Amino acid sequence: QVQLVESGGGLVEAGGSLRLSCAASGLTFSTYVMAWFRQAPGKEREFVAAMSGSGRYTYYADSVKGRFTISRDNAKNTVYLQMNNLKPEDTAVYYCAADWRISTGEDYDYWGQGTQVTVSL
């Protein structure tokens, strides 16, 4: 019923930018918190950013603060992650997640399949 589909990943040089998108279906999008997580090979999945349904509340991991921006378009049922000044340590699979309440943990109800971001030197 609920489906989250990420897109926009790819290969970029350090210092470059990418914008990820996550299209949601099967839920009342504007009432859900949307979040981004990432997982590098051999590492634990980590929180990146989250935004409340209205867009009023946002949270960022310290590692991306000032470089990444989360936004959402409730009319399009889509959440975005604008990633600027990318670093090799940003290389990971990026996952979209949705839940009723905002959290920096991993207890989100719904998850996408992920999109690969690779940052080269």
Side-chain angles (χ1 to χ4, degrees):
Q1 182 69 33
V2 175
Q3 189 173 44
L4 306 177
V5 180
E6 302 94 336
S7 62
L11 175 64
V12 64
E13 292 186 355
S17 298
L18 286 172
R19 189 177 75 156
L20 306 183
S21 299
C22 173
S25 61
L27 52 76
T28 305
F29 184 77
S30 63
T31 69
Y32 274 79
V33 171
M34 301 299 298
W36 290 95
F37 290 77
R38 66 186 183 186
Q39 187 169 25
K43 306 197 74 174
E44 297 288 333
R45 188 164 59 189
E46 65 174 348
F47 171 80
V48 176
M51 176 172 278
S52 62
S54 68
R56 180 173 181 180
Y57 304 101
T58 59
Y59 296 89
Y60 294 94
D62 288 342
S63 59
V64 307
K65 195 170 296 183
R67 300 188 298 122
F68 291 10
T69 303
I70 188 171
S71 62
R72 65 192 296 158
D73 186 340
N74 287 345
K76 292 182 163 65
N77 284 14
T78 301
V79 64
Y80 305 94
L81 186 68
Q82 178 67 46
M83 305 185 294
N84 297 327
N85 191 24
L86 283 160
K87 304 175 180 180
E89 49 263 47
D90 295 319
T91 295
V93 176
Y94 283 71
Y95 296 92
C96 179
D99 209 327
W100 282 108
R101 68 188 195 94
I102 199 161
S103 173
T104 59
E106 298 188 2
D107 55 340
Y108 280 74
D109 286 341
Y110 306 107
W111 294 84
Q113 292 299 304
T115 185
Q116 177 71 47
V117 172
T118 302
V119 184
S120 64
L121 288 168

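Fair warning: this is a prediction, and the values are worked out from it, not measured in the lab.
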TODO: Decide whether D73 and T78 meet the rule of one side-chain donor and one side-chain acceptor closer than 3.5 Å.
DONE: no
Task: Which atom of A98 lies closest to which atom of L4, heavy atoms considered - done: N-CD1, 3.9 Å
Open item on the list: For a quick test of reading the model, state the closest non-hydrogen atom pair linking A50 to S103 and the distance between them.
Closed with: CB-O, 4.2 Å
Open item on the list: Return the CD1 to OH distance between I102 and Y59, rounded to the nearest 0.5 Å.
Closed with: 5.5 Å
- [ ] Verify the cluster assignment for V2 and V79: are they in a single hydrophobic cluster under the rule of side-chain heavy atoms below 4.5 Å apart?
- [x] yes
- [ ] Using the six-membered ring wherever Trp is involved, compare the ring planes of F47 and F37 and label them parallel, tilted or perpendicular (cut-offs 30° and 60°).
- [x] perpendicular
TODO: List the atom of A92, the atom of A40, and the distance in Å for their closest heavy-atom pair.
DONE: CB-N, 3.8 Å
- [ ] Write down the atom of S17, the atom of N84, and the distance for their closest heavy-atom approach.
- [x] OG-OD1, 2.9 Å
Open item on the list: Hydrophobic clusters here meaning ILVMFWY residues chained together by side-chain heavy-atom distances under 4.5 Å, can you tell me if M34 and L27 are in one?
Closed with: yes
- [ ] Would you mind reporting whether L18 and V117 have side-chain heavy atoms less than 4.5 Å apart?
- [x] yes
Open item on the list: Test your reading of the model: is there a side-chain donor-acceptor pair from T118 to the backbone of L11, 3.5 Å cut-off?
Closed with: no
Task: Spacing of L81 atom CG and C96 atom SG [to the nearest 0.5 Å] - done: 10.0 Å
- [ ] Flag the pair W36 / C22 as yes when at least one side-chain heavy-atom distance between them is below 4.5 Å, and no otherwise.
- [x] yes
Task: Least distance between heavy atoms, S63 atom then R67 atom - done: O-NH2, 2.9 Å
Open item on the list: I'd like to know whether R45 forms a side-chain contact (heavy atoms from CB on, under 4.5 Å) with E106, so could you lay out the CA-CA distance, the side-chain angles of the two residues, the decisive distance to 0.1 Å, and finally the verdict.
Closed with: CA-CA 8 Å; R45 188 164 59 189; E106 298 188 2; 3.4 Å; yes
TODO: State the OG1-CZ distance between T58 and R72, to the nearest 0.5 angstrom.
DONE: 11.5 Å
Open item on the list: Can you confirm whether V33 sits close enough to W100 that some side-chain heavy atom of one is under 4.5 Å from a side-chain heavy atom of the other?
Closed with: no
TODO: Is it possible for you to say whether Y95 and I70 belong to one hydrophobic cluster, with membership spreading through side-chain heavy-atom contacts below 4.5 Å?
DONE: no
Task: Within 45° cone and under 6.0 Å: R101 NZ/CZ vs Y108 ring - done: no
Task: Single hit among L20, T115, V93 for side-chain contact (heavy atoms from CB on, under 4.5 Å) with E6 - done: T115
Task: Point-to-point distance, once rounded to the nearest 0.5 Å, from OG of S25 to CG of N77 - done: 8.0 Å
Open item on the list: Would you say CD of Q113 has more than 12 non-hydrogen atoms from neighbouring residues, nucleotides or ligands within 6.0 angstrom?
Closed with: no
- [ ] May I ask you to decide whether D90 forms a salt bridge with K87, counting only side-chain N to carboxylate O separations under 4.0 Å?
- [x] no
TODO: First locate atom OG of S71, then atom CZ of R19, and finally report the distance between them rounded to the nearest 0.5 Å.
DONE: 7.0 Å
Open item on the list: If hydrophobic clusters are built from ILVMFWY residues whose side chains come within less than 4.5 Å, do F68 and V119 share one?
Closed with: yes
- [ ] Can you measure from CZ (R38) to CD (Q116) and round to the nearest 0.5 angstrom?
- [x] 12.0 Å
TODO: Using a cut-off of 6.0 Å, state whether more than 12 heavy atoms not belonging to E89 lie near its atom CD.
DONE: yes
